[in-house]
Amino acid sequence: MTMDVKKMFDNLKVAAIASDPDFNITYINKRGEELFKAIMNADNLVGSNMRVCHKPETNEKLEKLFQEYRNRERTLDYYVMD
């Protein structure tokens, strides 16, 4: 991630979290860190797996989205935490 893009995401007022296809967190912005600190008392989530933060049905939705991206059935999307 280039420094300008990182700075942009770090300064968002909403949580932004990126993961690899195995759901390992590769980036979390400052607002995301604040949110997870308040909700889960969790620090430094980079490297941890998103599956533990979500309900099974949410994990199924995420897996479906990743598969659609892999198959090039989807090109752009956003996901809101439920």
Side-chain angles (χ1 to χ4, degrees):
M1 185 176 297
T2 66
M3 196 52 101
D4 291 337
V5 173
K6 183 180 182 320
K7 186 175 180 180
M8 178 188 73
F9 277 102
D10 280 344
N11 291 314
L12 286 175
K13 300 296 182 204
V14 297
I17 301 162
S19 76
D20 65 16
D22 294 320
F23 302 102
N24 296 309
I25 297 173
T26 57
Y27 171 80
I28 184 166
N29 71 348
K30 292 176 185 178
R31 180 63 184 128
E33 290 173 354
E34 294 168 356
L35 179 70
F36 283 101
K37 177 72 173 172
I39 293 172
M40 300 172 50
N41 198 28
D43 285 317
N44 195 14
L45 293 171
V46 173
S48 61
N49 196 282
M50 291 190 327
R51 292 179 199 274
V52 299
C53 302
H54 295 288
K55 298 180 279 186
E57 55 270 21
T58 305
N59 282 323
E60 289 176 21
K61 290 178 189 177
L62 290 170
E63 289 172 12
K64 184 175 186 274
L65 283 172
F66 271 93
Q67 189 60 48
E68 289 173 356
Y69 282 114
R70 272 188 224 107
N71 295 343
R72 307 239 190 269
E73 297 166 355
R74 183 180 296 273
T75 55
L76 180 63
D77 203 349
Y78 64 95
Y79 189 78
V80 177
M81 181 171 38
D82 54 346

Peer 1: By side chain to side chain donor-acceptor pair (under 3.5 Å), which residues pair with Lys64, not counting sequence neighbours?
Peer 2: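 Counting only residues at least two positions away or on another chain, Lys64 forms a side chain to side chain donor-acceptor pair (under 3.5 Å) with Glu68.
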Peer 1: Return the set of residues passing side chain to side chain contact (heavy atoms under 4.5 Å, CB included) with Lys37 (not counting sequence neighbours), or none when no residue passes.
Peer 2: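 Expected list: Asn41, Asp43.
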Peer 1: Among residues at least two apart in sequence or on other chains, which ones pass salt bridge (charged side-chain N to carboxylate O under 4.0 Å, His left out) with Asp22?
Peer 2: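 Partners of Asp22 by the salt bridge (charged side-chain N to carboxylate O under 4.0 Å, His left out) criterion come out as none, since no residue qualifies.
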Peer 1: Quick one: CZ on Arg51 to CD on Glu63, what's the gap to the nearest 0.5 Å?
Peer 2: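 CD of Glu63 is found 4.5 Å from CZ of Arg51.
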Peer 1: Check Met50 against Ile25 and note the closest heavy-atom contact, atom names and distance.
Peer 2: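 Closest pair (atom of Met50, atom of Ile25, distance): CG-CG1, 3.4 Å.
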Peer 1: Apply side chain to side chain contact (heavy atoms under 4.5 Å, CB included) to Arg72 and list each qualifying residue two or more places apart in sequence or on a separate chain.
Peer 2: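 Arg72 satisfies side chain to side chain contact (heavy atoms under 4.5 Å, CB included) with no residue once adjacent residues are dropped.
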Peer 1: Looking only at heavy atoms, what is the nearest atom pair of Phe9 and Asn29, with distance?
Peer 2: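 Heavy atoms of Phe9 and Asn29 come nearest at O-ND2, 2.9 Å.
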Peer 1: With the 4.5 Å side-chain cut-off for hydrophobic clustering, are Val52 and Ile17 part of the same group?
Peer 2: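 Unlinked, Val52 and Ile17 end up in two clusters.
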Peer 1: Work out which heavy atom in Asp20 is nearest to a heavy atom in Thr26; give both atom names and the distance.
Peer 2: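 So the two residues come closest at N-CG2, 3.9 Å.
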Peer 1: Any pair with a residue in residues 8-17 that passes salt bridge (Lys or Arg N to Asp or Glu O under 4.0 Å), sequence neighbours left out, goes on the list, sorted by first then second residue, please.
Peer 2: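 Non-adjacent pairs meeting salt bridge (Lys or Arg N to Asp or Glu O under 4.0 Å): Lys6-Asp10.
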Peer 1: First locate atom CG of Leu45, then atom CG of Leu35, and finally report the distance between them rounded to the nearest 0.5 Å.
Peer 2: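 Those atoms lie 10.0 Å apart.
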Peer 1: Does Glu33 pair with Lys30 as a salt bridge, N-O distance under 4.0 Å?
Peer 2: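 No.
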Peer 1: For Glu60, check salt bridge (charged side-chain N to carboxylate O under 4.0 Å, His left out) against everything at least two apart and list the hits.
Peer 2: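 Applying salt bridge (charged side-chain N to carboxylate O under 4.0 Å, His left out) to Glu60 gives none.
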Peer 1: Would the distance check show the side chain of Asn11 and the main-chain N or O of Lys7 forming a donor-acceptor pair, the cut-off being under 3.5 Å?
Peer 2: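 At least one qualifying donor-acceptor pair exists.
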Peer 1: Measure the CG-CD distance between Leu62 and Gln67 for me, rounded to the nearest 0.5 Å.
Peer 2: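 These two atoms lie 13.0 Å from each other.
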Peer 1: Closest heavy-atom contact between Ser19 and Phe66?
Peer 2: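 Of all heavy-atom pairs spanning Ser19 and Phe66, the closest is OG-CZ, 3.4 Å.
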Peer 1: Between CZ of Arg70 and CG of Leu65, what distance do you get to the nearest 0.5 Å?
Peer 2: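 Separation between the atoms: 10.5 Å.
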Peer 1: If you look at every heavy atom in Ala15 and Gly32, which pair is closest and at what distance?
Peer 2: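 For Ala15 and Gly32, the tightest heavy-atom pair comes out as CB-CA, 3.6 Å.
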